2 protein chains.
Amino acid sequence: MDERTLLILGLLKSQSQHGYQINDFIERNLGRVSDMKKATAYSLLKKLNESGLIEATTEQGGNRPAKQVYSITPAGEEKFYKLLRMSLVQVNDYLPHGDIGICFMDQLPKDEVIGYLNERLAKTEELLASYEDVPPHVEHLHGVNLTIRHRIALFRCDIEWMKQTIEELRARS
Amino acid sequence: MDERTLLILGLLKSQSQHGYQINDFIERNLGRVSDMKKATAYSLLKKLNESGLIEATTEQGGNRPAKQVYSITPAGEEKFYKLLRMSLVQVNDYLPHGDIGICFMDQLPKDEVIGYLNERLAKTEELLASYEDVPPHVEHLHGVNLTIRHRIALFRCDIEWMKQTIEELRARS
DNA sequence: AGGTGATTAGTCACACTTGACTATATACGT
DNA sequence: ACGTATATAGTCAAGTGTGACTAATCACCT
């Protein structure tokens with residue numbers, strides 16, 4: 001949740017905006033960095049507002065319904081820097097999602113498992129290709145490009161591991 | 001949540017046991033594969049019991065309070081195999097935890113960021129070493145060893161990425 | 001026989017997250 | 001002028017996950 005707070009504060013730091021814009025930006029540009037959903041963003045905005053890290057001004061545009069425009073407060077900026085520093089020193093400890101299945105692989109015939117892993121391997125290679133093809137560029141967020149490289153590296157690592165695992169299974173008596 | 005169901009069904013498939021044993025086994029042997037907490041395990045057991053995938057028999061031992069012993073049902077075994085197959089073909093899509101901070105790194109002085117990343121690098125190397133040193137061995141769950149290798153590979157990948165990133169930051173005008 | 005700490009066994013209130021829903025405004029074709 | 005599709009802006013019920021708590025038993029010392 002700290003990560004998500006950091007994200008919202010970071011976006012509001014560069015520009016005041018309302019919930020919709022924030023969610024839109026995340027969906028369009030940061031889908032590879034965060035999977036926060038709209039409803040979560042709104043509820044976080046509400047919480048951050050209540051705790052004084054951001055403040056809302058009601059904007060009346062024509063005869064539209066009123067919208068809230070959120071801006072970061074000084075307290076919010078402080079929190080932003082604190083969370084940013086925390087995030088930068090934080091070790092990534094992966095719990096790869098699919099590894100519980102790997103634990104129980106002996107419950108299926110070896111050849112069937114090899115088939116599934118090959119399927120997974122192919123899908124992962126496709127996904128990797130989609131990252132390699134599209135050179136990303138989020139205007140003022142240079143760091144995003146580094147995260148894309150990060151994920152490419154992780155996919156390659158996963159692919160190597162799968163190949164090695166399949167090889168080893170094949171070699172089993 | 002499917003992953004967690006798979007884990008519980010898998011453990012009950014090899015042996016009927018109560019909630020405490022399940023949680024204990026996860027904490028002791030599978031801390032590197034799942035981070036499911038005790039309360040979650042109990043609530044899952046309850047749900048799986050209600051939906052007929054497992055069944056509970058009350059065990060009265062001496063004058064202790066009664067405990068529930070859970071066993072997998074035929075429906076549960078079917079579900080187990082279904083989830084296992086799903087898990088094996090499922091692509092891992094990493095959203096590395098710390099990458100939101102990376103996105104905003106330009107908000108801090110370059111040298112400060114390099115300092116933090118070096119700290120993170122050192123911590124990750126330590127963690128990697130702890131995985132490399134202790135040769136793991138979970139008796140009847142041979143697949144666990146493969147997951148350990150998986151995580152070692154991911155740590156190495158992360159380390160490479162950090163080194164590369166730090167290098168690039170250093171090289172910036 | 002009494003105290004202390006670990007082990008066994010489990011519950012519960014609370015926080016977080018999201019799918020599905022509401023509702024207005026704007027664009028655009030016909 | 002009218003439908004209808006899309007963008008804008010947000011809410012809410014329901015599900016998931018867990019820290020903190022309760023409570024009995026056991027091991028061991030003194």
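Small disclaimer: the values here were computed from a predicted structure and weren't measured. Labels below follow one simple rule: chain letters A, B, ... track the order of the sequence lines, proteins then strands, and each chain is numbered from 1.
For the salt bridge (charged side-chain N to carboxylate O under 4.0 Å, His left out) test, residues two or more places apart in sequence or in another chain that qualify with E112(A) are R85(B). Every residue two or more places apart in sequence or in another chain was checked for a salt bridge (charged side-chain N to carboxylate O under 4.0 Å, His left out) with E27(A), and none qualifies. When the salt bridge (charged side-chain N to carboxylate O under 4.0 Å, His left out) test is applied to E160(B), no partner is found at least two apart in sequence or on another chain.
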Atom pairs under 3.5 Å: protein N/O with N/O of nucleotides 18-22 of chain D:
| unit_1 | atom_1 | unit_2 | atom_2 | d |
| --- | --- | --- | --- | --- |
| dT18(D) | OP2 | R4(B) | NH1 | 3.3 |
| dT18(D) | OP2 | T40(B) | OG1 | 3.0 |

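One can place CG of L95(B) at 15 Å from C1' of dT17(C), the figure rounded to the nearest angstrom. Taking atom CD of residue Q21(B) and atom P of nucleotide dA9(C), one finds them 7 Å apart after rounding to whole Å. When the C1' atom of dT16(D) is taken as reference, atom CD of E3(B) falls 15 Å away, rounded to whole Å. Atom CG in N23(A) sits about 11 Å away from atom P in dG10(D), given to the nearest Å. Between the CZ atom of R28(B) and the C1' atom of dA6(C) there is a distance of 11 Å, rounded to whole Å. Nucleotide dG10(C) holds its P atom 12 Å from the CG atom of N49(B), rounded to whole Å. The distance between atom NZ of K47(B) and atom C1' of dC12(C), rounded to the nearest whole Å, is 18 Å. One atom, OH of Y20(A), and another, P of dG10(D), lie 11 Å apart when rounded to the nearest Å.
Comparing D24(B) and L44(A) by the nucleotide of DNA chain C that holds the closest heavy atom to each, the one mapping nearer the 5' end is D24(B).
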Can you give the donor-acceptor pairs under 3.5 Å from side chains of residues 43-50 of chain B to other protein atoms, not counting sequence neighbours?
| unit_1 | atom_1 | unit_2 | atom_2 | d |
| --- | --- | --- | --- | --- |
| S43(B) | OG | T40(B) | O | 3.3 |

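For the side chain to side chain contact (heavy atoms under 4.5 Å, CB included) with F104(A), the qualifying choice from L84(B), L9(B), L83(B) is L84(B), the only one to do so.
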Next item on the list: Mind running side chain to side chain donor-acceptor pair (under 3.5 Å) on Y94(A) and D158(B) for me, showing each step along the way?
Entry: CA-CA 10 Å; Y94(A) 302 104; D158(B) 240 41; 2.6 Å; yes

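Listed nucleotides: dC16(C), dT11(C), dT8(D). Nearest to the side chain of Y42(B): dT11(C).
Nucleic acid contact for K46(A): none, since no nucleic acid atom lies under 4.0 Å from a heavy atom of the residue.
Sorted by first then second residue, the salt bridge (charged side-chain N to carboxylate O under 4.0 Å, His left out) pairs that include residues 94-109 of chain A, not counting sequence neighbours, are D106(A)-R172(A).
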